[in-house]
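No hydrogens, no waters, no symmetry mates; every other heavy atom, side chains included, goes into these values. We number each residue from 1, following the sequence as shown. From a predicted model like this one, the values you see are computed outputs, not experimental measurements.
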Amino acid sequence: MSERFPAPVDLDLRLVQCFTVVAEHQHFGRAAEALHTTQPSLSRQIRRLEQQVGVRLLDRTTHGTRLSEAGEIFLPQAQGLLRAAVEAMARARAAARPSSITIGYTKGLVITPAVRALRDRNPDAEVHTRLLAWNDSRGALLEHRVDAVVTRLPFPTDRLRVTVLYDEPRVLVVPRDHRLVGKESVTLDDIADEPIPHVRQSDPLLNAYWRLDPRPDGRPAPDGPLVEALEDKHELIASGQAVAIGPPLDYATGLHPSLTTIPLHGVEPSQVVLATRTGDRSRLVTAFRKHAEALLTGTHQAEPTRKT
């Protein structure tokens with residue numbers, strides 16, 4: 001006969017988090033910097049975790065740190081524990097504040113009409129907004145940092161409810177002295193040999209989508225430099241080392257002042273969507289979805305900016 005309750009487990013989630021960060025960086029020094037602690041302190045915390053689990057989880061090598069065989073097994077479970085803990089706290093807080101909602105959005109997208117309508121019709125509700133990194137929409141939803149997100153596809157949509165709000169053209173981002181500036185539009189043939197940057201640690205789906213890799217004829221997109229973040233990519237393009245394909249940002253919503261955009265002809269548009277957690281029956285989430293579908297149609301968004 002199985003026990004009604006599982007046996008008590010002495011496992012400190014702070015130590016589990018330390019382990020996942022070391023596993024990600026594969027180096028105690030870099031992990032310590034990411035955790036804002038010292039390397040000796042982090043080593044002690046990992047030893048405490050290994051004592052609690054009862055096995056060695058990490059092996060130090062001359063080149064850094066690698067997971068032991070037991071660590072390889074423990075890592076996905078540890079990540080699941082942390083996600084479950086975050087979700088448990090978020091659900092408890094949401095239950096205590098049923099009249100609160102946080103709406104996320106990514107750069108270049110305007111959510112004001114729908115947010116204003118939600119506030120007007122729910123004057124007693126706490127309605128918050130949060131600007132998210134371009135690749136953080138799914139994580140922010142599943143970690144309950146936000147309750148709804150207006151963002152751009154593509155991203156993995158399992159465990160999410162996704163509603164397409166409108167299509168948005170993709171544009172070519174170039175320095176203002178680029179040879180193609182002044183053209184009404186360009187095609188992929190015009191940039192067949194132009195290098196396009198990769199973003200480090202980006203989801204492969206996103207990287208392929210915004211690089212149009214492979215091209216419709218099956219050829220790979222020309223390789224460009226590796227960059228850490230969107231801002232680095234814009235600086236690289238401004239210096240004339242690459243071009244990029246992106247959404248129609250303008251200078252007010254994140255375009256580098258030395259850059260301009262040109263409409264890209266013959267390429268499927270991207271889609272702006274509303275995403276929420278599957279099964280979320282919050283009345284405020286439901287209300288915001290209705291306002292977003294009615295009011296966020298693309299007419300309030302920035303148009304592509306072309307300046308010579």
Side-chain angles (χ1 to χ4, degrees), residues 6-93 102 104 106-107 130-146 155-156 159 197-207 223-236 239 241 254:
V9 177
D10 183 16
L11 193 62
D12 189 332
L13 289 182
R14 291 174 298 178
L15 305 183
V16 174
Q17 182 182 29
C18 290
F19 164 74
T20 62
V21 175
V22 175
E24 175 187 353
H25 290 275
Q26 297 183 10
H27 192 280
F28 269 85
R30 290 192 292 269
E33 291 179 9
L35 290 165
H36 305 291
T37 188
T38 64
Q39 189 169 333
S41 175
L42 180 57
S43 295
R44 288 194 296 271
Q45 292 177 80
I46 294 299
R47 284 197 297 272
R48 284 180 55 201
L49 176 65
E50 290 176 329
Q51 290 170 358
Q52 291 179 2
V53 178
V55 295
R56 190 181 72 258
L57 299 171
L58 294 164
D59 292 324
R60 291 180 183 265
T61 71
T62 55
H63 302 292
T65 303
R66 66 183 182 189
L67 292 168
S68 68
E69 185 175 349
E72 293 277 5
I73 299 298
F74 185 66
L75 178 59
Q77 307 299 322
Q79 293 168 330
L81 281 173
L82 295 174
R83 286 193 296 268
V86 169
E87 185 167 352
M89 290 188 295
R91 286 181 178 273
R93 290 168 181 165
T102 300
T106 48
K107 187 174 287 187
R130 176 177 294 182
L131 177 64
L132 298 173
W134 60 276
N135 58 351
D136 190 34
S137 298
R138 174 180 167 81
L141 276 170
L142 296 182
E143 293 168 12
H144 288 251
R145 287 183 275 126
V146 298
F155 54 86
R159 301 169 61 192
H198 291 268
V199 179
R200 188 191 299 275
Q201 296 183 346
S202 172
D203 185 288
L205 183 68
L206 276 172
N207 244 333
D223 260 336
L226 191 65
V227 297
E228 299 291 337
L230 178 65
E231 291 76 15
D232 298 325
K233 182 166 72 171
H234 282 184
E235 189 63 41
L236 195 73
S239 68
Q241 299 181 61

request  = List the steps, then state whether side chain to side chain contact (heavy atoms under 4.5 Å, CB included) holds for V199 with W134.
outcome  = CA-CA 12 Å; V199 179; W134 60 276; 3.7 Å; yes

ask   = Would D12 and L49 count as a side chain to side chain contact (heavy atoms under 4.5 Å, CB included) if you check the C-alpha gap in whole Å, the side-chain angles of each, and the deciding distance to 0.1 Å?
value = CA-CA 7 Å; D12 189 332; L49 176 65; over 6 Å; no

query = Is there a side chain to side chain contact (heavy atoms under 4.5 Å, CB included) between L11 and L81 once you walk through the steps?
reply = CA-CA 10 Å; L11 193 62; L81 281 173; 3.7 Å; yes

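Atom OG1 of residue T102 and atom CG of residue L141 lie 11.0 Å apart, to the nearest 0.5 angstrom. Between atom CZ of residue R48 and atom SG of residue C18 there is a gap of 9.5 Å, rounded to the nearest 0.5 Å. We find the CZ-CG distance between R138 and L132 to be 14.5 Å, quoted to the nearest 0.5 Å. Put simply, CZ on R56 and CD1 on I46 are 13.5 Å apart, with the number rounded to the nearest 0.5 Å. Distance CG/L13 to CG/L82: 6.0 Å, rounded to 0.5 Å. The line from CZ of R47 to CG of L42 is 10.0 Å long, rounded to the nearest 0.5 Å.
Between R145 and D136, the closest heavy-atom pair is NH1-OD2, 2.8 Å. Looking at every heavy atom in both residues, F19 comes nearest to G71 through CZ-O, 3.8 Å. Minimum interatomic distance between T106 and S137 (heavy atoms only, all atoms of both residues): CG2-OG, 3.8 Å. A34 and V21 make their closest contact through CB-CG1, 4.1 Å (heavy atoms, listed as atom of the first residue, atom of the second, distance).
Listed by first and then second residue, the side chain to side chain donor-acceptor pair (under 3.5 Å) pairs that reach into residues 70-83 come to none, sequence neighbours excluded.
Taking a 6.0 Å sphere around CG of L205, one finds it holds more than 12 heavy atoms contributed by other residues, nucleotides or ligands. Few gaps surround CD on Q39; more than 12 heavy atoms of other groups in view lie less than 6.0 Å from it.
By the side-chain contact (heavy atoms from CB on, under 4.5 Å) test, A23 pairs with L67, L75, sequence neighbours left out. For S68, the side-chain hydrogen bond (donor to acceptor under 3.5 Å, both in side chains) criterion is met by no residue, not counting sequence neighbours.
For the pairing with V227, the side chain to side chain contact (heavy atoms under 4.5 Å, CB included) check across E235, K233, H234 returns one residue only, K233.
Of the possible donor and acceptor atoms, none in the side chain of H25 sits under 3.5 Å from a partner among the backbone N and O of H27.
Considering only heavy atoms from C-beta on, F74 stays 4.5 Å or farther from V55 through its side chain. The shortest side-chain heavy-atom distance between L35 and Q45 does not fall under the 4.5 Å cut-off.
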